[in-house]
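Data first, discussion second: the structure below is written as structure tokens.
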Amino acid sequence: MLSVRLETDIGLVEIGTAYVPFRIGYLHYPDYYRFFNRSYPSYFLGDMNARSAALGHRNDNTMGIQLATLVNRNHAQHIGPNFPTFITHRSKSSPDIILGNKHMIYNYSAEPGQLTPSDHIPIIFTISTNPIQVPIRERSNFRKADWRKYSDQLGREDIINLTGATVGEIEEKTAQWTKVIQTIGKENIPVTKYRTLPHIKTTHEVRILKIAYLELYREIDREGASMDRYRELIELRRKLRDEFNRLRTEQWNDLIKQTDLEHKSKDFWASIKTMLGTNTTNQQRYIKDHNDKEIYEDKDKEVIFRKYWEKIFQITPEENKEFDKETDTKVNQYIDDNLDRYQTLEEVDLDRLYQQTNLVTIEELNKTIASFKHKSPGIDEITKYHLINLPNKMLINLLKIINSCLSIGYFPKIWKTSIIIFIPKPNKSPFSHVNYRPISLLSIPGKILEKIINRRLIKAITTNSLQNEAQHGFRIGLGTGTATALFYEAIAAGRANRLKMNVVLRDISKAFDKVWHRGLFYKIGISQIPEFLARIIYSYLENRVAKIKIGNYIGKEINLLSGVPQGGCLSPTLFNFYTHDVPEAGGQSINIIYADDITQIVSYPGSENMLAKITANEVEKINNYENKWKIKTNETKFQIIPIGRTRAQKVKIGQKEHDFSLEGKMLGLKFNRYGFVGHVQDRIRLARVELGRIFRFRELSWNNLRKLYYALVLSKLLYPIVPLYTISKTQQRKLQIVQNKAARIITGIRLREGIGNQTVNELAELTPLNINIHNQAKKIWNQLEPKLSDRIKNRIDKDEGRTELKSFPLSRKKVQGPEPEPLY
């Protein structure tokens, strides 16, 4: 290890570096321990080849474990870098690491440097006694906007009249309404090009200490050093360091306290990410084309992404050959024969709309605007801040546009252009364009109309029972908790009733991007969806376009010929409706669906051969449905897992015989053929990593530490509630040990003080985990119970031959019992 000690205007700082080759396999721990226990700020930058879950890796090695120990014991803090520094053709990682000790008082910034022949990306690490500004893309500074002037200028606009208006007039008025907001917004909202990184605010006391420190330094330079001057210098350094440490603690406490008071979830999570050093951006400099050539220019990258994704957003002739021609012909014939039921009407007739559904009121419009979070705007750059500061006249104009659109069944073209940006998929190589996930940035005014449509569509679907009872995604009162609870209970009941079972895990490939528009319109047409909704949904999906944005470059339009826009609240509802007629499982089998994930639990009391045939039939049933409606299961994620058996008959589907998988994941719930013990161990490991992070901030206030515990640790420790509710007391105690450690961090009570776990938990106001799990499991089953069909209830209630197994104890009836005794 090499290090250099520097003198600054607020005291000493030491910067160290080292390189540890992967082949060495260990750190010289005493050197690092001594370095990070300096009595003044010290920073370390080096290529450690250290892997640890606490440092953002999937697996651990010796160097990673030793560094994580330094971090978790608060000798060092992991402060970067927050971008990958070593990229291979398969993945990316950060073997280079930046650490600081507990006396860090300087402002710092870590940025990627220019590429070199090295296979590592260089890091530029800036340490400063002054606030650091970094250049960013130009963006509006809403905090410094003159909203009063903005509102006054817009208040001079006239109220529009759209009674009897045509499509052209609606489009014209919508464009005018958008243009005037954009123009006046630019006049009154300043643009910022730099961002000041979070830093410690300098106080009057610090300024006085700095002046005294510099004056003493000049005196030493002028008159020479003496023992008294040296002692005074040391004392000034100590005071400066203590004051900065106090200000740093105060800063974070105030930041989270203010977030708690204002209930700003986004600000709270932003502050946590800043504290933990996990704010990340996509820093990938290049991708590779099909010839393995490196592409650096944003314009050239956009071409690669556009050529790939314009094929995704359509069902190509080659793909059509794989699907059922008879259904294709039937659907197209129906749409062509009934096209007048979908097409936009000639002019606005509010009386006709009023007869079909209530008009949108100003109150509903205001509530809809208020319900949005501040997110990136669409191509029109109108944000929630623009809308909540609109004067009454402009709100009335927007209201008239929305009601006119509902009246004739028209979605304005200006709101149908989306900007697509891409984020890298985790644990995938960032070199390949196929390893990126698209995010659509939609127009906020268009999303308001979309939300209003969605509210009316959900009502129509619910009224006419057009929901699949097996669907748990994007439904009120249902979610991942209810899906995993039913999944577990079905397996536990089957095992108790001595049924043989196979679990089939399947995931629809490009589900939201490949929805067949005509198939969706056909299903809307033959159902009891109101006509005005059919028209506006048809208009909403027809002739949609998107532009791909890479960096600051926005490319050409691509036509979205299939799919529903990701990022809109209407899209999940449309997808759920499109798949509401997925065939129900037969016999004693059940299906559990969450959005595009379908889990089939196939059960049979008889022979292995018969179970294999029934499994094949159930899989084929879904396959045939997908074949009709142009849906395709991702074959790489298709799994069949036998429950409770080592020797099982392989399942033959068509001409292919499928191998069994040893384990799988259902909505993040890890299981194998014998139970969920591995899942519990994973939960504890993940929670311990987060616990180590909280330990670094144990100087924060009691309330804030509890907040961090609930947000970072408990959320990982208790997922999902069922089957964690059914695990043994031994396993529950292992979970409780994590909470006991958290309670001691929150209260500051050490184990050696001799105060028991029960007292520490009570002082931290933490409910024992087994009671917490019991109450949450009871809540989940109370939510799920009324929504279960009689067939599903009979399937999990059947008492014939019931004998609970230790690996799969039943949970549904157990939650009705008394609260368990607390475990500490």
Stacked cation flag R544 on Y540, 6.0 angstrom / 45 deg: yes
Under a 3.5 Å cutoff, is there a donor and acceptor pairing between the side chains of [X] and [Y]?
| X | Y | result |
| --- | --- | --- |
| R475 | N576 | no |
| Q776 | Y725 | no |
| T482 | Q783 | no |
| E489 | S811 | yes |
| D337 | Q333 | yes |
| N332 | D328 | yes |
| S589 | R795 | no |

In plain terms, say whether [X] and [Y] are close enough for a salt bridge, that is, a side-chain N and a carboxylate O under 4.0 Å apart.
| X | Y | value |
| --- | --- | --- |
| K670 | D682 | yes |
| R306 | E302 | yes |
| D596 | R506 | no |
| E322 | K632 | yes |
| E469 | R791 | no |
| R535 | E531 | yes |

Pair L387-F372, side-chain contact (heavy atoms from CB on, under 4.5 Å): steps then yes or no: CA-CA 10 Å; L387 299 177; F372 279 93; over 6 Å; no
Worked check of salt bridge (Lys or Arg N to Asp or Glu O under 4.0 Å) between K630 and D324: CA-CA 8 Å; K630 303 189 179 182; D324 182 57; over 6 Å; no
Set of residues satisfying side-chain hydrogen bond (donor to acceptor under 3.5 Å, both in side chains) with respect to D597, sequence neighbours excluded: none
N454 and I458: CA distance, side-chain angles, deciding distance, side-chain contact (heavy atoms from CB on, under 4.5 Å) verdict: CA-CA 6 Å; N454 188 53; I458 289 174; 3.6 Å; yes
Test log, rule side-chain contact (heavy atoms from CB on, under 4.5 Å), inputs I558 and K547: CA-CA 6 Å; I558 59 174; K547 295 180 180 180; over 6 Å; no
Stepwise salt bridge (Lys or Arg N to Asp or Glu O under 4.0 Å) check, R455 with E364: CA-CA 11 Å; R455 198 175 291 128; E364 182 182 359; 2.7 Å; yes
CA sep, side-chain torsions, deciding dist, call: K311, T316, side-chain hydrogen bond (donor to acceptor under 3.5 Å, both in side chains): CA-CA 7 Å; K311 292 180 181 178; T316 63; over 6 Å; no
